[in-house]
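No experiment lies behind these values; they were computed from the predicted model shown. Chain letters run A, B, ... following the sequence lines, proteins first, then strands; residues in each count from 1.
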2 protein chains.
Amino acid sequence: MTAADRVYQIIRQRILNGQYPAGSYVREAAIGQELELSRTPIREALRRLVSDGWVEAIPHHGAQVVSWTQRDVEEVFELRVLLEPQVARRAASRIERNQLDQLESLAVRMEDLCRDEGENALEEIAVLNDDYHARLMAAAGSPRLQRLLETIVQVPVSRRSFHHYTRDELAGSMQHHRELLRALDAGDGDWAASVMRSHLLAARAAQLRFAACVEETGAGVASTPRA
Amino acid sequence: MTAADRVYQIIRQRILNGQYPAGSYVREAAIGQELELSRTPIREALRRLVSDGWVEAIPHHGAQVVSWTQRDVEEVFELRVLLEPQVARRAASRIERNQLDQLESLAVRMEDLCRDEGENALEEIAVLNDDYHARLMAAAGSPRLQRLLETIVQVPVSRRSFHHYTRDELAGSMQHHRELLRALDAGDGDWAASVMRSHLLAARAAQLRFAACVEETGAGVASTPRA
DNA sequence: CAAATTATAATTGTATGCAATTCGACTCGA
DNA sequence: TCGAGTCGAATTGCATACAATTATAATTTG
């Protein structure tokens, strides 16, 4: 792994946890001094971040961390509703027994956490949920579909959507995971795609409700909140 | 426009017309000497080409021009069939009168060229067709959807698909353009999406037939043919 | 003679210095 | 007082030099 790769991950992480707030500029020289590297690998990392949509390059003026408007969030959901059911559909006709077992194991652990009501259970569920989707993606066997989704589903929005769920919605989400397993096991692509679609539309509804809420209270939604 | 931007376009053009064949390596130093630039802007252009999927970065060994297998072509069609109907659907509820008129003008010119049977009429139609799709994309008003499609619909495959059409298929394609205009004018998203889907599935069928043909004759399909 | 090994050359990865460009503040004039 | 123009500081864009890594090929050894 090259220095530029490390810098890429470091900067992305800092954008994620709000250390670099939306709208702020990421300076090559500053990071270079801090990490004791020259500007060259920093530049390369920033260019990758630009093409991955994390920052915006203003010619001769720097790399600006992107701001997310509600409209952006909606646009991403619209694309996910198109693409992710296709992931499920493909997986239904390709998934292997052991992959199915792994997914089931993840689903069980999420359900357990859901019942526990532990302190940071939501965060743990979110991690497992990411793993679940990643393994499903792998089973679908379409590198381009994977790349597209990785490009648009940037964690700051998707991950946090879990926190807006009511208890019922969370239970419903767990139910979706289970039903998807049955659809996959049956090799029924239509069924699997439909379940995934419901899964996403439910997430979108929760997100929309949250957006309406912050609209009233006047809390910002554009900027990535700090950790 | 920076030097890196120019280099990006130059290299991409050379990949397109076969000057840099699939599987070959693009050397930073060689291009730098030829264009009388240092390796720095060349590197930057190559990194962009990597993230746009034109070349593959082999660590410490260089940038290799990607090879397209039949499976890749099918994967791209699968994604287009998902995404482009959504472009039509969005455009149906957003398009303005003058945009519709421009699309119609393009459709008419394509139909004329189709009747002419001129020598390089196919090439001209392909150019107009690209314009048609670009304007439709603009009318859809979704930058992310646009970016996704630009990423996957790399011209070497899509543009050439026109050349595999029979006369009937070409006429049918023109008919799709017309019908799409009616659907857009009616503001009927379902209709527009359905027409676009047919449009793409027809293109896919022609591509598949062509692939089967070269399979028999043993002609290569993986490498980008020379101009 | 074959296989492992080492040396070499070629290529990318990184550091540093300078040039070009842009944005902001300050000054000058109306 | 307001506006236009100009100067300067800051930042990116590019060139060059050097270091690190890897593939290749010659070489040596069993």
Problem set entry | Side-chain N or O of B:Arg43 closer than 4.0 Å to phosphate OP1/OP2 of C:dG13 | yes
For this session: Output yes when at least one side-chain N/O atom of A:Arg39 is less than 4.0 Å from OP1 or OP2 of D:dA10, else no.
Result: no
Seminar exercise, completed: side chain to side chain contact (heavy atoms under 4.5 Å, CB included) test vs B:Ile10 passes for just one of B:Ile42, B:Leu35, B:Ile15, namely B:Leu35
Problem set entry | Rounded distance in Å - CD (A:Gln33) to P (C:dA15) | 13 Å
For this session: Take atom CG of B:Leu37 and atom C1' of C:dA19, then tell me their distance rounded to the nearest Å.
Result: 14 Å
For this session: Please state how far atom CD in B:Glu28 lies from atom P in D:dC14, giving the value in whole angstrom units.
Result: 15 Å
Exercise. Nearest-Å distance, CD (A:Glu44) to P (C:dT14)?
Worked result: 7 Å
Exercise. Between C:dA15, D:dG13, D:dA15, which nucleotide gets closest to the side-chain atoms of A:Pro41?
Worked result: C:dA15
Exercise. Could A:Arg48 and A:Tyr8 be counted as a cation-pi pair, given that NZ or CZ must be under 6.0 Å from the ring centre and within 45° of the axis?
Worked result: yes
Seminar exercise, completed: Rounded to the nearest 0.5 angstrom, the CZ-CG distance for B:Arg197 and B:Leu82 is 8.5 Å
Exercise. For A:Trp68, is the NZ or CZ atom of B:Arg144 found under 6.0 angstrom from the centre of its six-membered ring and inside 45 degrees of the ring axis?
Worked result: yes
For this session: Take atom CD1 of A:Ile42 and atom P of C:dG13, then tell me their distance rounded to the nearest Å.
Result: 16 Å
Problem set entry | Among C:dT14, D:dC14, C:dT11, the one nearest B:Ala3 by side-chain distance | D:dC14
Exercise. When you check the phosphate oxygens OP1 and OP2 of C:dA15, does a side-chain N or O of A:Ser38 lie under 4.0 Å from one of them?
Worked result: yes
Problem set entry | Whole-Å distance separating the CG atom of A:Leu35 from the C1' atom of C:dA15 | 15 Å
For this session: Give a yes/no on whether any side-chain N or O of B:Arg47 is located under 4.0 angstrom from OP1 or OP2 of C:dG13.
Result: yes
Problem set entry | A:Glu56 CD - D:dT12 P separation (whole Å) | 15 Å
Exercise. Base, sugar-phosphate alone, or nothing: which one does A:Val7 contact when heavy atoms must sit under 4.0 Å apart?
Worked result: nothing
Exercise. Using a cut-off of 4.0 Å on non-hydrogen atoms, how would the nucleic acid contact of A:Thr40 be classed: base, sugar-phosphate, or nothing?
Worked result: base
Exercise. Relative to each other, are the rings of B:His133 and B:His177 parallel, tilted or perpendicular (30° and 60° limits)?
Worked result: perpendicular
Problem set entry | Between C:dT11 (P) and B:Ile58 (CD1): distance, integer Å | 15 Å
